[in-house]
Amino acid sequence: MPTNSSVKPKYRRIVLKISGEALRNDETGQSIDSDVLDRLAVELKSIRSLGVQVAVVVGGGNIFRGLAGARANGTDRTTGDNMGMLSTVINGLALMDRLEKAGLEVRVMTAIPMDRIAEPFIQRRATRHLSRGRIVIFVAGTGNPYCTTDYAAALRANEIGADAILKATKVDGVYDKDPMKHKDAKRYKKVSHAEALTKRLGVMDAEAFSLCEANKLPIIVFSMADKGAVRKAVLGQSIGTLVA
Ligand code: UDP
């Protein structure tokens, strides 16, 4: 793909974390919204044209979460988490399909071996794909129960030497209190890792966040509904909340 060299991205290699919820359409009840996939294809094509190397970690909360399954119907936690990790595979394949149809080169790498469907995650192979301009979608989380896909994003970002994590959610950033419950909640434009930790801002779960903090990995939290947000983020323009 030809690159647009007149525009200089701030980040050379990124991990885009897409929560399962961000893929869902609440109005139609569809777990994987076709419009969101299309929008992602447009966004990723746009940042690939800037030469940015893109890895994606997909969540699975739109289909199944281990903890919720355990609470709701007594599913064994480990079994539920395995179901949750398989949900991320479904989302990842849906995204792969849409990105390929948009003309992007894509590889899906899984933390749980399933060689008919996806490549196993091997760090050196992943970075090789990325340097060749392929979009790599990491699925099945970390491959371990009692973890989240945020942790998988933090882990993979460190493993592949990403410059930042872009966390796409339903909310447009990090607030001082829950914006769904409090009308006067204020969104942070920028916050340090240390402040986010002491104020318990809930950018990610604690384990995932401490992995980012220890390695000084910037995190940008933004809403999937915000068109052009991914491009703005990689260009260093202010969107959502920057944790750095
Ligand atoms: N999960 C897991 N290990 C991992 C990643 C995910 O067991 O390394 C399971 C866990 O049950 C989780 C579910 O997969 O609830 C879906 O992931 P997550 O909740 O992180 O998805 P998101 O909130 O991003 O949609």
Side-chain angles (χ1 to χ4, degrees), residues 14-26 29-33 36-37 39-40 55-96 108-114 117-118 120-123 126 136-160 162 165-174 178 180 201-212 219-225 229-230 240-241 243:
I14 59 140
V15 166
L16 174 66
K17 162 71 210 296
I18 306 163
S19 74
E21 292 297 336
L23 294 176
R24 190 210 301 273
N25 184 326
D26 291 332
Q30 273 196 312
S31 328
I32 306 177
D33 182 21
V36 176
L37 294 180
R39 207 165 337 119
L40 275 166
V56 182
V57 170
V58 277
N62 54 328
I63 301 173
F64 200 87
R65 280 207 176 92
L67 192 58
R71 283 190 188 137
N73 43 33
T75 310
D76 170 75
R77 175 71 195 268
T78 303
T79 304
D81 282 340
N82 288 337
M83 292 163 74
M85 285 188 276
L86 292 177
S87 308
T88 74
V89 181
I90 295 172
N91 287 333
L93 292 178
L95 182 61
M96 173 197 77
V108 178
M109 301 192 110
T110 173
I112 298 174
M114 47 182 94
I117 291 179
F121 170 71
I122 297 169
Q123 184 247 14
V136 180
I137 304 175
F138 295 126
V139 298
T142 62
N144 298 301
Y146 295 92
C147 275
T148 62
T149 50
D150 276 359
Y151 190 80
L155 184 65
R156 296 290 183 249
N158 282 298
E159 285 179 287
I160 65 168
I165 296 181
L166 274 57
K167 186 172 148 74
T169 66
K170 287 233 147 170
V171 187
D172 66 347
V174 179
D178 188 345
M180 305 288 183
L201 294 181
V203 179
M204 290 178 162
D205 63 89
E207 292 83 3
F209 191 78
S210 62
L211 196 54
C212 294
I219 307 161
I220 301 161
V221 184
F222 64 99
S223 164
M224 249 327 288
V230 180
T241 300
V243 186

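Note that ligands are numbered from 1 as they come in the structure, with each ligand's atoms numbered from 1 the same way. Note that the numbering runs from 1 along the sequence shown for the chain.
In this structure, the side chain of Gln123 engages the main chain of Glu159 through a donor-acceptor pair within 3.5 Å. Listed for the Asp172 side chain is no donor-acceptor partner under 3.5 Å among the backbone atoms of Ser223. Of the possible donor and acceptor atoms, none in the side chain of Arg77 sits under 3.5 Å from a partner among the backbone N and O of Ala70. Between the side chain of Asn62 and the backbone N or O of Ile32 there is no donor-acceptor pair closer than 3.5 Å.
Below 3.5 Å of separation, one finds no N or O of Gly141 facing any N or O of ligand 1. Residue contacts with ligand 1: Gly20 is placed with a nitrogen or oxygen under 3.5 Å of a nitrogen or oxygen of the ligand (distance criterion only). Considering backbone and side-chain N/O of Ala152, none are found under 3.5 Å from N/O of ligand 1. Polar contact check, Gly60 against ligand 1: a nitrogen or oxygen pair lies under 3.5 Å apart. Of the polar atoms of Ser19, none of the N or O atoms is found under 3.5 Å from an N or O of ligand 1, judged by distance alone. For a threshold of 3.5 Å applied to N or O pairs, the pair formed by Thr149 and ligand 1 contains at least one separation below that value. Considering backbone and side-chain atoms alike, Arg65 places an N or O below 3.5 Å from some N or O of ligand 1. For Asp81, a nitrogen or oxygen atom sits less than 3.5 Å from a nitrogen or oxygen atom of ligand 1, counting backbone and side chain alike.
Put simply, OG1 on Thr79 and CE on Met83 are 8.0 Å apart, with the number rounded to the nearest 0.5 Å. Note that the OH atom of Tyr151 and the CG atom of Asp205 stand 9.5 Å from one another [nearest 0.5 Å]. Here the CZ-CE distance, from Arg156 to Met109, works out to 9.0 Å after rounding to the nearest 0.5 Å. To the nearest 0.5 Å, the span separating CD on Glu207 from SG on Cys147 amounts to 7.5 Å.
Only the backbone of Asn144 comes within contact range of ligand 1, with a heavy atom under 4.0 Å; no side-chain atom does. Neither the backbone nor the side chain of Tyr151 has a heavy atom within less than 4.0 Å of ligand 1.
Of the protein's non-hydrogen atoms, the one nearest atom 5 (C) of ligand 1 is Thr148 C, 3.4 Å. For atom 6 (C) of ligand 1, the closest non-hydrogen atom on the protein side is Cys147 O, 3.6 Å. Summary of contacts: the protein heavy atom closest to atom 14 (O) of ligand 1 is Gly84 C, 3.1 Å. Nearest to atom 24 (O) of ligand 1 among the protein's heavy atoms is Lys17 NZ, 2.8 Å.
Of the residues Ile90, Thr149, Val89, Ile137, the one that meets the side chain to side chain contact (heavy atoms under 4.5 Å, CB included) test with Val58 is Ile137. For the side chain to side chain contact (heavy atoms under 4.5 Å, CB included) criterion with Ile18, the lone passing option out of Leu95, Val36, Val57, Thr88 is Leu95.
Contact between Pro145 and ligand 1 is present, with at least one heavy atom of the residue lying under 4.0 Å from the ligand. Taking 4.0 Å as the cut-off, Met83 does not count as a neighbour of ligand 1 on heavy-atom distance.
In the vicinity of Thr142, heavy-atom distances shorter than 4.0 Å reach the ligand 1 atoms 4 (C), 8 (O). Shown in contact with Phe64 at under 4.0 Å from a heavy atom are these atoms of ligand 1, numbered in order with element: 13 (C), 16 (C). Taking every non-hydrogen atom of Gly59 and a distance limit under 4.0 Å, the qualifying atoms of ligand 1 come out as 21 (O), 22 (P), 24 (O), 25 (O).
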key: Residues Phe64, Leu86; criterion side chain to side chain contact (heavy atoms under 4.5 Å, CB included); working and verdict   = CA-CA 9 Å; Phe64 200 87; Leu86 292 177; over 6 Å; no
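Using modelled atom types, one finds no donor on one side chain facing an acceptor on the other under 3.5 Å when comparing Thr148 with Asp150.
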